[in-house]
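This report refers to the structure that appears directly beneath it.
Chain identifiers are assigned alphabetically (A, B, ...) following the order of the sequence lines, protein sequences preceding nucleic acid strands; residue numbering begins at 1 within each chain. Just so you know, these numbers come straight off a predicted model, no measurement behind them.
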Amino acid sequence: MADYNHRETEQKWQRFWDEHNTYKPEELTSKPKYYVLDMFPYPSGAGLHVGHPLGYIASDIVSRYKRLKGYNVLHPMGFDSFGLPAEQYAIQTGQHPAVTTEANLTRYIEQLKNIGFSYDWSREVRTSDSSYYKWTQWIFMELFNSWYNRDTNRAESIDTLLNKFAMNGTTDVNAVCDEDVASFTAAEWNALSKTESYAITLKYRLTYLANAVVNWCPALGTVLANDEVKDGVSERGGYPVEQKLMRQWMMRITAYADRLLTGLNTIDWTESLKEQQRNWIGKSIGASVKFPLATDNNQFIDVFTTRVDTIYGVTFMVLAPEHELAVQLTTPEQKEAVQAYVNAAKLRSERDRMADTKAVSGVFTGSYCLNPLNGERVPIFLADYVLAGYGTGAVMAVPSGDQRDWNFAKHFDLPIIPILDAQKDIDQQADNTKEGRYINSGIINGMTYQQATPALISWLEDGKLGQGKINFRMRDAVFSRQRYWGEPVPVYFKDSGNGQLLPYLIDESDLPLELPTVDKYLPTETGEPPLGRAEGWKYKGDFDYELSTMPGWAGSSWYWYRYMDPNNEGVFASKEAIDYWQNVDLYIGGTEHATGHLLYSRFWNKFLYDRQYVPQDEPFKKLINQGMIQGRSNFVYRVKTTLIKPFEQSQYPPLPVSSNEDDLDMISGHPESISVFFSKNVIDGIENDNAEMIDYAQKTLNNILSKYERIDGRRHNLLIRRFLLYTPLHVDVNIVENDILGLDTFKKSRPDLTENAEFIPEPDGRYIVGAEVEKMSKSKFNVVNPDDIVERYGADVLRLYEMFLGPLEQAKPWNTNGIDGVYRFIRKFWRLFYKDNATGKSQWIVTDEQPTPAELKVLHKAIQKTESDIDAYSFNTSVSSFMICVNELSTLNCHKRAVLQDLVLILSPYAPHITEELWAALGHEPGSLSKAEFPVFNPAYLVEDAFEYPIQINGKVRTTISFAIDRAATDIEREVLADEVVQKWLEGKTPKKVVVVPKRIVNVVI
RNA sequence: GCGGGCGUGGCGAAAUUGGUAGACGUGCCAGACUUAGGAUCUGGUGCCGCAAGGCAUGGGGGUUCGAGUCCCUCCGCCCGUACCA
């Protein structure tokens, strides 16, 4: 065939784009802007696998398409280059994380360029560069210098707070702040020393120091954010996590809870993602109620409830074991039992606690409080089903309406009082209905749910015993990490005179505060973070710096702004640049960042918006989650061979040697073949060594085949040369206990593979035959490297194939079945332009003839489909429309410039290399493809003068008849009824009804 | 438990939003060309049936001239989340 050398051509154009800065957007033009962003990767040591590019390919297609459509497109790429793996590696090897990171980055960039993405590489950012983290530190300082004003509902400079204090003290300050702030007058404030007043402001700032119960991970030596902990272990590494009280930098994200919630209504994200954020923020509307202690009516237990209407059903009170009143409330008689319980609860890890939510446990304190409504004595218990971190850490228990309370009441034999006449079977289980009228309920007896709640809240408010309250599940974000490889916090500590150290920001002119060098990347002997090892690292040579670093999410919470103006040394991005680019039009990335990066980014963006640094209060207008491309774990190896009979007796040709899985499928139906399965452990150790594998498999096969008594030396050799080498097996069942499938289950699930198969057992005699479809990762040995695909098929084929695999959002297992089809398509496309002549040389066969209506119709169908598919992010169907177009043009034998040139343009976002090559061959200036205009769809070419009507009889299609487009419905009806096929079905009867839908269908109802 | 999503050939998947179910690709079958085929090309291919025809979008029911699509109900799978008071 006319040869298209994908390697050479693709590399040529990649170099060209690089050298000519082809994809650099114009600066501040009057063109409309379009900002397409990929979630930037953490450059891990494993390099890219085929799952990574999926989203990048989609965003690249959109970028290239928008350029052709006349937009000024910003499409950048960068790296989230601070992070734990590089630091773990540093701890093990002593290698500076910057060195490993740099090496990984080089590899990533090379791999990305290999796929032909249209990034403007001149804008690349790296979060670990000091020129970048200078601005991460600057934003931290801005947060420190701000407070949240509830009255204006936005963050303001700390100066406006100081003014309020100086004018009126705390009287008209309505701030989101620490709980323990005191009230004072302006006179009192003005009398304070500078240090004293400064110390007070620390309780109001948006970033602040606090003793917080944190997720401490001893193995990693750092605290983790809630979203970095999964199932009680660290997300990275899977190490145990325990609760620990530590002094930490915190961020007042809770100030933004409501706006983070309502903002979701203004953005185009998937419902499931929005729902995840809503759940994470966890707003619940209810009331807080004060229960006075029986022994001291001036002391109260504060509870939060969403069902204040059930308050007459309260028969006991439950506090979290960590509750601050727990010790005080314990009577001497109960002291021993309570202490035992509290200690046991402490020992139970978070994980254990979550594991058995069924078991009821708890202990009576010996004390009572009073129901504020009816004065009933209510016994107080401690139990770990009440969480210290939610609400007030105390629950008013209503066993008739809440199943957990009901279980507890049964266990401790406490009364269960019905409160609504509609409650059923409450001696069997709790009934949380809101139906019916209240009974046993004092002032709300006879009322409905809708009446009772406001009545109670107003009664409680009058007596100052409670109020309506909104509670959030989300906590303030912990901002400190006891690690080395992160942004230093730009803070130093100074003695306030009374021995108390207060935190101060360093001067803005001292930014960036660079990471110092250390001898080891481990905590100091005294337990301080690694930065404590830095020799002589002091502010102005005198003051201790903060030794913790920022969390992983800091650098990624604003990076999309840096791309707008990446080299600016005076500001994080110029006002002009931000005003032009505004925010991200399309953001593509994984759903795993739902409650981490995507929430923190919205938080910081809203803060920057409040302080008027940015014009939009949501950063990402439209967000698409690409589905994960899953790999398969290599649990089973299959050796496929053939020719049990001697070669001469076989009617089938021998099979080739190959390790390509597609070939395995090709021969799986071969009637004279035999499958041999090797267990994982048998294969382990020679996993990636073909020579060893062949050797091993040959020996094993000899043993097996000798049983068939058909082998002589010659045939034997032939046979072994022709077995299919080995392949990791894909089994279509998802696993299963301990990743191990029983042999029988496996045979049942894939009879097509296992019939006539031999199984090689483990040394201990067991058979391990299982496989798993799951996320690609290095540890699973199931990574497919995109470079291999690019090498063999080309980047254009990889791009088309990944899109062709299925809808972008859907998770899908990686398999290469079908990649040949895309490869064939590319070559078929090429053959519209070139053909072999007799000498085997390629010959240009494009002509300047006028296209026929049929050819134009084929072309414009494809133009229309490409447009609508890209607009709907339906890339898989778009690829299929290209295939149809090329197939039809081939059939029409169309080699006309007027058609092919437009085809090149519409295909170019998907397959940029081959189209750039052909664009130049068509006589255009090399490299000018991205500056061309997308062909204009002309519906006139698609107009048909006739339509082939499907004719249904009682809803079933029996025939088709062609009618002119403008044919009257009455004419159509008459002719349809006269048709002989219809006549046959009518059997002489008169139809009840005839439905004629113009240009759609005819249905004859009998 | 709760929330979100999904269920269509051997496989990946389409279906103009209520109008010819299975486009496109793969796989499979047959053929052509070949020293050869893991190249290329042609035809066939949802299931049952020799055929006429019948049956088919997880199961059952409904609305409609017409349902993969809308409604009800049951079953199954995936993702997220969880003693959240």
Report yes if the distance between the aromatic ring centroids of A:Phe408 and A:Phe381 is under 6.0 Å, otherwise no.
yes
Classify the glycosidic conformation of B:U40 as syn or anti, calling it syn when the angle lies within 90° of 0.
anti
Would you please name every residue forming a side chain to side chain donor-acceptor pair (under 3.5 Å) with A:Tyr910, sequence neighbours left out?
A:Ser878
Looking only at side-chain N and O atoms, does A:Lys274 come under 4.0 Å of OP1 or OP2 in B:G3?
no
Anti or syn, where syn is a glycosidic angle within 90° of 0; which label fits B:G59?
anti
Tell me what A:Asn1003 touches on the nucleic acid: a base, only sugar-phosphate, or nothing, going by heavy atoms under 4.0 Å.
base
State whether A:Tyr823 and A:Arg827 meet the cation-pi test: NZ (Lys) or CZ (Arg) under 6.0 Å from the six-membered ring centroid, and within 45° of the perpendicular axis.
yes
When we call it a touch if two heavy atoms are under 4.0 Å apart, what does A:Val997 touch: a base, just sugar-phosphate, or nothing?
base
Considering every strand and a 4.0 Å limit on heavy-atom distances, what is the contact class for A:Asn954: base, sugar-phosphate, or nothing?
nothing
Rounded to the nearest Å, what distance is computed from the CG atom of residue A:Leu808 to the C1' atom of nucleotide B:G5?
16 Å
Given B:G25, B:A13, B:A85, which nucleotide is nearest the side-chain atoms of A:Arg404?
B:A85
Which part of the nucleic acid does A:Lys992 contact within heavy-atom distance under 4.0 Å: base, sugar-phosphate only, or nothing?
nothing
Canonical and wobble pairing (Watson-Crick, G-U, under 3.5 Å) of RNA chain B, dot-bracket with |:
(((((((..(((......[....)))((((((.......))))))(((....)))..(((((..]....))))))))))))....
Can you tell which of B:A85, B:G19, B:A39 lies closest to the side chain of A:Arg824?
B:A39
Just N and O in the side chain of A:Arg831: are any of them under 4.0 Å from OP1 or OP2 of B:C41?
yes
Sticking with atom P, work out how far B:U69 lies from B:U8, rounded to a whole angstrom.
13 Å
Heavy atoms only, 4.0 Å cut-off, all strands: where does A:Asn471 land among base, sugar-phosphate and nothing?
nothing
Looking across every strand, which nucleic acid part, if any, lies under 4.0 Å from A:Gln810 by heavy atom: base, sugar-phosphate, or nothing?
sugar-phosphate
Tell me: CH2 of A:Trp269 to P of B:G80, nearest whole Å?
18 Å
So what does A:Gln952 hit on the nucleic acid, given a heavy-atom distance under 4.0 Å: a base, only sugar-phosphate, or nothing?
base
Nucleotide B:C84, atom P - distance to NZ of A:Lys469 in whole Å
18 Å
Expressed in whole Å, how much space separates the P atoms belonging to B:G61 and B:G18?
24 Å
Which listed nucleotide (B:C65, B:G53, B:C84) is nearest to the side chain of A:Lys984?
B:G53
Within the structure shown, what part of the strands sits under 4.0 Å from A:Ser272 by heavy-atom distance: base, sugar-phosphate, or nothing?
sugar-phosphate
When you look at A:Thr254 and A:Asp476, which way does the side-chain hydrogen bond (donor to acceptor under 3.5 Å, both in side chains) test go after all the steps?
CA-CA 6 Å; A:Thr254 51; A:Asp476 274 347; 2.6 Å; yes
Expressed in angstrom and rounded to an integer, what is the separation of A:Gln277 atom CD from B:U81 atom C1'?
14 Å
Inter-nucleotide C1' distance (B:G60, B:A23), Å rounded:
31 Å
Distance in angstrom units between A:Asp869 CG and B:A14 P, rounded:
11 Å
